[in-house]
Amino acid sequence: MPAAPAIRPPSTHHEFRGDSKVQDIFVAAVESQRRRAKFRLLFPGTDRYEFARMDVYNYSSICHPCLIIQPKRTADISAIVKGYTKGVKDTLAEIKATGSNLGIPRLCVAGGRNSMNAMMEGSIVLDLSRMNGVDVDADAKTVTVQGGTRIYELDDELAKHGLMAVTGTVGRLGVVGTVIGGGYGYASRKFGLACDNVVSAQLILADGRLKRCSPTKNEDLYWSLCGGGGGIGVVTQLTLKCFPIQNGGLLTYDLSSPGPRIRRKIIAKWADWMCGGNDADAIGAPNEVYSHLVLRTDWKIVSFLGTSIDAKVVPQSADYLEHFQDILKRKSLVRELSRLSGSTNSRENLPVSWDVTPGLMALQKGAGKFGSPMRLRSKFRMVPYCDGIQSLGDALFPPGNVYNAFKYASAMTEKIVDTLTKATMGDAPNNESRIVISSAGGAINDISSFNVAFDSRDINFVIYIEGRWSDTRNKEKDEAERKKINRWVHAVASQLQFCEGIKSTSHPESTRDYVSESGKSEPPIGWHNFEEDNGARLEAIKKRRDPRNVFSLASRVSWRKNKHSVEKYQSLAKAKTERVEAMRSIRRDKTHDDSDGEDDASLETTDERFEERSNEKVHKEDDSDQDKVERRDGRSRMNHRQTSSRSFGQETYMTDYIGEGDEDYDLADFDEHDVDEQRQVPANRDDATERSLTPSPTSSTCVGREVVEV
């Protein structure tokens, strides 16, 4: 039985309703691994704990973790992971010795804190917010970030060097979490997904070892990291390719959609403009162009946004951009632009204009209305890429009470268009909720998936379903509104999965759609998010690298067999058998441990490049800076103390920690009957194969799942 921790939680009143015994066990276990580690332990009731748990994108997910642990270095993460596994062992020993009904908290990894599972009620949160360093190599055109870096922090550093990297569309997202989910952004049609531009990475495995991976080293880790949904380890550093893009063209306007018929026409014609439609001769918009439509539920308006990063048209000089913006303010605009371009025709060869930007020029006159009777508030401007384009998502998706879902689509079929129109007009909740259709395709379709787990290469559109609601003083009204929004999101996601060309994503929000709970009926094809060969390989890597399921909170991994390709799957089964035999041979020979010493030897020095840089933007030491954190989302998060607390049960959750022949954690004498019940294997499902890398909890103490968005 571990001794009581030296540092106990505060005696002042707080909202934590968990078992203090479990908290003491895990504090003692983590502290036993501290040595020279510099991590912080945040207890419920302390100021830092309160600010940390409320620093999330989704206000409705504010909860009360058992502990929040903030590492400063890679060695700290290794110590915390080892301490967590020791805490699980000690808790199981306590349960066996006393017969107590203790719940084992699950391990959450919080990076950008935008995932629906970044923090869980009663969990142990590994908070990477103090590890947000960015190191740019302008000569090699690469950038290395730490595991807790957010996109806006990366963009701020890249902008100083005239570079950009493919990440997500919202600045608050974590860079690593974006890569794990695939990562589509404003430049993905030109340069591919974020996961296509990963040079190398390093991560801490479930046993605390440091591993470096690249296309030529630890290829299985690299492959699963790139779009595989997480669950393999904690990514501590990530190196990405950069591109010399400084400026871009931005076009925005609103389209009137007074009825469902007009809205259907807008969606269909916009999709044809982006991808060429059914016309074999049509080529669609250039790869340099990105666009999205926002379908609102409270207003009969469809908002259009288009961007272009065509360097042949958009000047990439920062000085020229400033000069151009000054010219726009002058009354003699036409004369000055003509002089700069060396042309007497003010409409032909302007240095940058809606008229001469490839892709966007096709939207002149009536074409850009996409069948709408009226176009409102048209505005074209040239803006910095990092500050002007990358920041668009922050205004479009502000923090709040959010319930969302994602789907990929290979085409905007008539059934998909009807579903989206009905969801935003006929069955709409008539509030802040909306659906955003973003363009994909381009380089995403062209790049091979050989080196990455992401295999949805046929996608041309990303459908984001966002349910929103605002808090009032009436708790019953707020709860009713929340349930209504949740039902709406589930209904739209469930209807889309029956549409041809739909596929689920590797985000944790891919679980929003409903399937048969009995397992007797086969899930629709749109419910799955991987092809069979990639799904089976992800599961094999998970079992090899995390056999005890320490990182149990990962995205769903599911695939479906194709009944009409028997020979293909016989070949896959044979290949899988060969891989299993190869892994068994590796385990017997222990050859996969040969490089462990090389990586672990640099555990203490791997963060030296970041230690010289000050992290002034996140987690300041003084109270004035903590106030800035509170104000960043535009409202006081402390008001959520009374509305966000959840019940914290005491039922037991047994994680999958018992392994055969384990020498480090010999748990063979513990009961295993509870472990087997955690596997999510569909009952009586012979013709569909589904594997979940996440066990289903039996305790309300540790409710939910977490993508490893480190």
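Model, not experiment: these values are computed from the prediction. Only heavy atoms go into these numbers, but all of them, side chains included; no hydrogens, no water, no symmetry mates.
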| request: Take R40 and R48 through the side-chain contact (heavy atoms from CB on, under 4.5 Å) test and state the conclusion after the steps. | output: CA-CA 10 Å; R40 291 175 180 166; R48 279 180 174 161; 3.6 Å; yes

Heavy atoms only: give me the nearest [X]-[Y] pair and the separation to one decimal.
| X | Y | result |
| --- | --- | --- |
| C195 | V452 | O-CG1, 3.5 Å |
| L128 | P71 | CD2-CG, 3.8 Å |
| I180 | G230 | CG2-N, 3.1 Å |
| A37 | R73 | CA-NH2, 3.9 Å |
| Q146 | G133 | OE1-N, 2.9 Å |
| A110 | V125 | CB-CG1, 4.0 Å |

| Thinking salt bridges, do D220 and R537 make one under a 4.0 Å N-O criterion? | no

Within this structure, what is the [atom1]-[atom2] distance for the pair [X] and [Y], rounded to the nearest 0.5 Å?
| X | Y | atom1 | atom2 | value |
| --- | --- | --- | --- | --- |
| D24 | L67 | CG | CG | 9.0 Å |
| I95 | D90 | CD1 | CG | 11.0 Å |
| L41 | Q23 | CG | CD | 9.5 Å |
| K72 | S129 | NZ | OG | 9.5 Å |
| R545 | D207 | CZ | CG | 9.5 Å |
| S200 | L225 | OG | CG | 10.0 Å |

| Between F26 and T91, does a side-chain contact (heavy atoms from CB on, under 4.5 Å) hold up when you go through it step by step? | CA-CA 8 Å; F26 276 88; T91 305; 3.3 Å; yes

Between the side chain of [X] and the main-chain N/O of [Y], is any donor-acceptor distance below 3.5 Å?
| X | Y | answer |
| --- | --- | --- |
| S506 | G181 | yes |
| D76 | K38 | yes |
| T46 | L42 | no |
| D55 | A52 | no |
| N486 | Y403 | no |
| Y222 | V198 | yes |

| request: Evaluate side-chain contact (heavy atoms from CB on, under 4.5 Å) for L205 paired with L221, printing each intermediate quantity in order. | output: CA-CA 10 Å; L205 299 181; L221 293 176; 4.1 Å; yes

Looking at side-chain heavy atoms only, is the closest gap between [X] and [Y] below 4.5 Å?
| X | Y | result |
| --- | --- | --- |
| I80 | Q33 | no |
| L126 | V81 | yes |
| R172 | P399 | yes |
| E94 | V22 | no |
| Y57 | L173 | no |
| E539 | K543 | yes |
| L107 | V88 | no |

Sequence neighbours left out, what passes side-chain contact (heavy atoms from CB on, under 4.5 Å) with [X]? Give chain and number order.
| X | value |
| --- | --- |
| E219 | none |
| T74 | M131, Q202, I204, L210, T236, L603, T606, D607 |
| N534 | W223, D455, F530 |

| Residues two or more places apart in sequence or in another chain: which of them pass side chain to side chain donor-acceptor pair (under 3.5 Å) with T239? | T144

| note | Applying side chain to side chain donor-acceptor pair (under 3.5 Å) to D546 and not counting sequence neighbours gives K542

| field | ring-ring contact (aromatic ring centres under 6.0 Å, His included) involving F39 - partner list, sequence neighbours excluded | value |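 For F39, no residue satisfies ring-ring contact (aromatic ring centres under 6.0 Å, His included) once neighbours in sequence are set aside.
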
| said: Could you go through F43 and V27, starting from their C-alpha distance and side-chain angles, then the distance that decides it, and tell me whether this counts as side-chain contact (heavy atoms from CB on, under 4.5 Å)? | reply: CA-CA 10 Å; F43 294 99; V27 169; 3.5 Å; yes

